[in-house]
Number of protein chains: 2
Amino acid sequence: MTARRPRERGVTIEDVARAAGVSRQTISNALNAPHRLKAETLERVSAVIDKLGYRPDQSARSLKSGTRRIIAYPTPVDDPANPNPLMGGFLEAVVAASGEAGYRILLVRPRPGQSQEQALDELIAARTVDGFLLSDILRDDPRVAHLTSTGFPFAAFGRTLPDQPQSWVDVDSVQAVIDLVGLVAARGHRQVAFLASTSGQPWMDDRRDGFLAGVRRHGLAGQVYSVPGDDPGEIVTATRDRLAGRNRPTAIIAGGDWLALGVYTAARAQGLEIGRDLAVAAFDDLPITAFLQPALTTVRLPLRRIAEALIGRLLQIIEDGVTPQAGLMLPGELVIRPSLGP
Amino acid sequence: MTARRPRERGVTIEDVARAAGVSRQTISNALNAPHRLKAETLERVSAVIDKLGYRPDQSARSLKSGTRRIIAYPTPVDDPANPNPLMGGFLEAVVAASGEAGYRILLVRPRPGQSQEQALDELIAARTVDGFLLSDILRDDPRVAHLTSTGFPFAAFGRTLPDQPQSWVDVDSVQAVIDLVGLVAARGHRQVAFLASTSGQPWMDDRRDGFLAGVRRHGLAGQVYSVPGDDPGEIVTATRDRLAGRNRPTAIIAGGDWLALGVYTAARAQGLEIGRDLAVAAFDDLPITAFLQPALTTVRLPLRRIAEALIGRLLQIIEDGVTPQAGLMLPGELVIRPSLGP
DNA sequence: GGAGCTGGTTTGAACGTTCAAAGCGCTTAT
DNA sequence: ATAAGCGCTTTGAACGTTCAAACCAGCTCC
């Protein structure tokens with residue numbers, strides 16, 4: 001039993017109405033439908049509103065109007081040892097995009113013992129939010145399935161299934177990696193390897209598929225090798241083995257910058273110079289790679305555009321009830337740097 | 001003019017009351033004060049609640065009770081080129097800690113043309129949140145000053161002024177860097193340098209002060225040099241100059257892992273081997289440094305404990321009206337790795 | 001045997017807003 | 001002259017919950 005502190009109440013619409021000598025509803029209209037007021041009244045009322053610092057109580061407004069102006073973002077549970085370095089930038093972009101439209105982002109997470117779906121249900125039933133923003137979408141994502149059956153508004157960073165709402169936005173990783181392979185092929189490489197992590201990120205499959213499609217298209221000898229997690233040691237040794245073995249690749253495309261760091265380390269250990277003896281490219285454009293020498297060729301995710309598209313689609317569903325007919329596939333931005341060689 | 005989609009209403013307390021054959025208030029009590037019900041009634045009512053999937057409407061509850069169970073976190077505006085890599089981990093910890101207590105985190109940001117204080121005022125006046133969680137506290141932070149004068153609950157990651165509420169939590173960077181200097185001194189180093197960034201992070205001063213205190217205490221020759229921003233190129237050249245100049249330091253303590261990456265690069269360019277020719281230590285324990293060779297000695301921020309302490313203090317203010325008498329200074333965790341030398 | 005207590009439950013009001021409808025003064029059409 | 005329409009404003013009700021107070025039956029007390 002915690003004693004709740006009595007909360008002092010602020011200035012209400014009634015106070016403003018009295019002070020301005022008009023009715024409640026006129027104040028409400030001044031804020032929500034200003035065109036209904038005579039210019040002179042609007043001016044006078046607005047002055048009083050400003051003077052008293054009146055803001056409609058969010059709860060009362062929500063209760064009556066049924067809209068919260070809040071979007072829930074179920075935060076992916078991060079491995080504390082290796083938190084997603086793009087999370088900050090993604091949230092940054094999402095907060096900016098939603099803020100512009102007058103919406104705010106609520107971070108949510110299932111409570112201990114609660115499933116993802118139950119956590120969503122709780123928010124829906126308690127009418128706490130207007131919609132959901134989902135990321136890290138699995139091929140057959142239970143959250144998407146659940147929201148689809150509920151009919152509750154959501155937008156997804158990552159593709160949904162064909163029979164689900166196409167309110168998704170994704171990055172065309174397949175094409176981006178095909179492009180990377182093209183760059184490698186153009187530089188004369190024949191033995192090319194792809195380094196994947198099997199720790200279960202859904203996007204890794206796309207990147208690998210892009211690689212396979214790329215080598216096929218360019219008639220190269222492609223090999224895929226992978227490490228089970230994100231452990232630096234494993235990445236380095238797996239790459240070292242690969243570089244020491246037969247069919248030594250002269251180019252490695254890593255499924256993420258994080259993995260590429262291991263490639264740099266392994267190459268150095270083998271006395272190979274990146275950009276001359278070994279071409280390297282990756283994915284994500286982590287800021288940290290600015291320190292790599294030579295600088296890393298990579299694919300940057302257009303986080304800003306992704307966030308804007310996601311919020312735009314979500315608000316369209318929430319406010320207009322219009323579900324997009326097709327998903328939106330955004331191109332990754334190729335950032336070509338010396339690690340590929342001349 | 002956006003057409004609002006009519007929102008279908010869910011199951012209300014009235015529905016449950018009718019179904020269970022009791023009054024509204026009994027349902028309310030079953031959820032908020034179960035001890036008031038006869039065991040048998042409670043059981044029966046709970047069953048109906050579960051069956052109908054009833055959840056109290058958050059807005060209605062907030063309107064009447066005056067409590068939102070939401071904490072606002074004004075997100076620091078990140079440089080997109082160099083987003084704070086610890087942000088994800090910090091939010092992770094904060095969401096976990098607040099979720100445990102039944103609170104959620106609302107990400108907020110001043111709208112264009114709006115000051116920080118105005119953004120806070122808007123949330124207070126609209127009664128959207130119960131309290132604020134602030135980070136990146138400046139020495140004389142306008143947000144803290146404003147909330148202090150308002151008397152609105154907040155907790156701060158970073159120290160407040162003596163005449164302000166001591167609801168802060170901070171990491172004892174000064175002591176941590178003194179410890180680092182001690183480790184360096186014990187290894188026989190006399191010429192020690194500190195690399196700072198002057199891009200205005202408030203904590204950098206502490207780290208530098210710790211360095212100065214450390215060299216004084218251990219009778220070392222300390223030199224401080226700094227770079228204006230976070231640009232890798234500048235960090236590397238400044239360090240290279242320093243390593244090539246007179247009074248070449250044999251140990252460098254960097255104000256952050258990010259800066260240490262530049263030290264590694266510069267040292268390599270000079271043909272110096274880290275751990276043998278140059279001792280290096282830093283601050284933050286970014287996961288990425290796991291790839292550095294030799295591994296980097298650094299100070300890890302106890303994000304989990306920080307978040308728990310912040311949320312704990314904030315909820316104490318919100319729920320019990322008790323403001324902490326003193327701030328909480330948490331020690332940084334020294335992570336000693338080979339970059340210091342044997 | 002009526003007053004007082006106690007555990008359990010119900011009742012009426014209120015939280016602050018917006019919606020839907022009605023009202024009002026004035027102009028225009030019939 | 002009356003009705004209809006228009007622009008602006010007000011009125012009454014409702015959103016779904018919790019608070020404060022009232023109620024009620026069963027007991028105890030002297």
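All chains are named by letter (A, B, ...) in the order of the sequence lines, taking the proteins before the strands, and each is independently numbered beginning at 1.
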For this session: Give me the one residue out of A:Trp168, A:Tyr73, A:Phe90, A:Phe132 that meets ring pair (Phe, Tyr, Trp, His ring centres under 6.0 Å) with A:Phe157.
Result: A:Phe90
Exercise. By side chain to side chain contact (heavy atoms under 4.5 Å, CB included), which residues pair with B:Ala60, not counting sequence neighbours?
Worked result: A:Leu63, B:Asp57
Exercise. In whole angstrom, what separates B:Asp57's CG from D:dT18's C1'?
Worked result: 13 Å
Atom pairs, N/O to N/O, protein against nucleotides 9-11 of chain D, distance under 3.5 Å?
from   : atom 1 : to      : atom 2 : distance (Å)
D:dT9  : OP1    : A:Thr41 : OG1    : 2.4
D:dT9  : OP2    : A:Lys38 : N      : 3.0
D:dT10 : OP2    : A:Ser23 : N      : 3.0
D:dT10 : OP2    : A:Ser23 : OG     : 3.0
D:dT10 : OP2    : A:Thr26 : OG1    : 2.5

Problem set entry | Side-chain N,O (A:Ser28) to OP1/OP2 (C:dT17) below 4.0 Å | no
Exercise. What is the distance from CD1 of B:Ile27 to P of D:dT17, rounded to the nearest Å?
Worked result: 10 Å
For this session: Write down the distance between CZ (B:Arg61) and P (D:dC19), rounded to a whole number of angstrom.
Result: 9 Å
For this session: Could you verify whether a donor N or O on one side chain and an acceptor N or O on the other, from A:Ser59 and A:Ser62, lie under 3.5 Å apart?
Result: no
Problem set entry | Heavy atoms of other groups near B:Glu43 CD, more than 12 under 6.0 Å | no
Problem set entry | Distance, rounded to the nearest Å, where B:Glu14 contributes CD and D:dC15 contributes C1' | 12 Å
Exercise. Are the charged groups of B:Arg109 and A:Glu100 less than 4.0 angstrom apart, N to O?
Worked result: no
Exercise. Could you give the CG-to-P distance, from B:Leu31 to D:dC19, as a whole number of Å?
Worked result: 12 Å
